[in-house]
Amino acid sequence: VGPASEPQPEPTELEYSGFLHLDGALLDMSSWPRPYMRSEASAAIKVEGSRSFIDETLARKSDVHTMRDGPARHLLLDSFQRRLIHDALALARAMKRKLILPP
């Protein structure tokens, strides 16, 4: 294999100029109100089980700050982060700038 060529911008980004650099934590929970109540199944991909189990799972609400560590908490926090990234990408595209995420 020959030498790698220089990276090129996507054709849709040829008119982009500058950068939008995000800095800091993508999900700073310290600024969230306490309690911050959410449905534990709000970010679930699929809920299976008996009707009573499903109804109870969908109705259960917890404070995000005190949810036990597990798949439900992970999916909920991940949904917040994905929404932030989606918004940042939309803003960068509208400004015709490349998005730089924090490390």
(request) Measure the spacing between CE of M29 and CZ of F80 and express it to the nearest 0.5 Å. (result) 8.0 Å
(request) Supply the atom-to-atom distance L58 CG to E56 CD, rounded to the nearest 0.5 angstrom. (result) 10.0 Å
(request) Flag yes if L20 and Y16 sit in one hydrophobic cluster, no otherwise; membership is Ile, Leu, Val, Met, Phe, Trp, Tyr, and two members link when side-chain heavy atoms are under 4.5 Å apart. (result) no
(request) Can you measure from CE (M67) to CZ (R60) and round to the nearest 0.5 angstrom? (result) 9.0 Å
(request) Please examine the side chains of D69 and H74, heavy atoms only from C-beta on, and report whether any two atoms are closer than 4.5 Å. (result) no
(request) Using the test ring-ring contact (aromatic ring centres under 6.0 Å, His included), find all partners of Y36 that sit at least two apart in sequence or belong to another chain. (result) W32
(message) Distance check, rounded to the nearest 0.5 Å: D87 atom CG versus R82 atom CZ?
(response) 12.5 Å
(request) Look at the side-chain heavy atoms of Ile, Leu, Val, Met, Phe, Trp and Tyr, link any pair under 4.5 Å apart, and say whether L84 and V64 land in one connected group. (result) yes
(request) Could you pull out all residues at least two apart from S50 that satisfy side-chain hydrogen bond (donor to acceptor under 3.5 Å, both in side chains)? (result) S52
(message) Once rounded to the nearest 0.5 Å, what's the spacing between atom OG1 of T57 and atom CD of E48?
(response) 11.5 Å
(request) Give, for atom NE2 of H65 and atom CZ of R34, the distance between the pair rounded to the nearest 0.5 Å. (result) 4.5 Å
Show every donor-acceptor pair shorter than 3.5 Å between a side-chain atom in residues 90-103 and any protein atom, with sequence neighbours excluded, or say none if there are none.
residue: K96; atom: NZ; partner: E15; partner atom: OE2; Å: 2.6
residue: K98; atom: NZ; partner: E13; partner atom: OE1; Å: 2.3

(request) Salt-bridge test for D55 and R51: reply yes if a basic N is under 4.0 Å from a carboxylate O, no otherwise. (result) yes
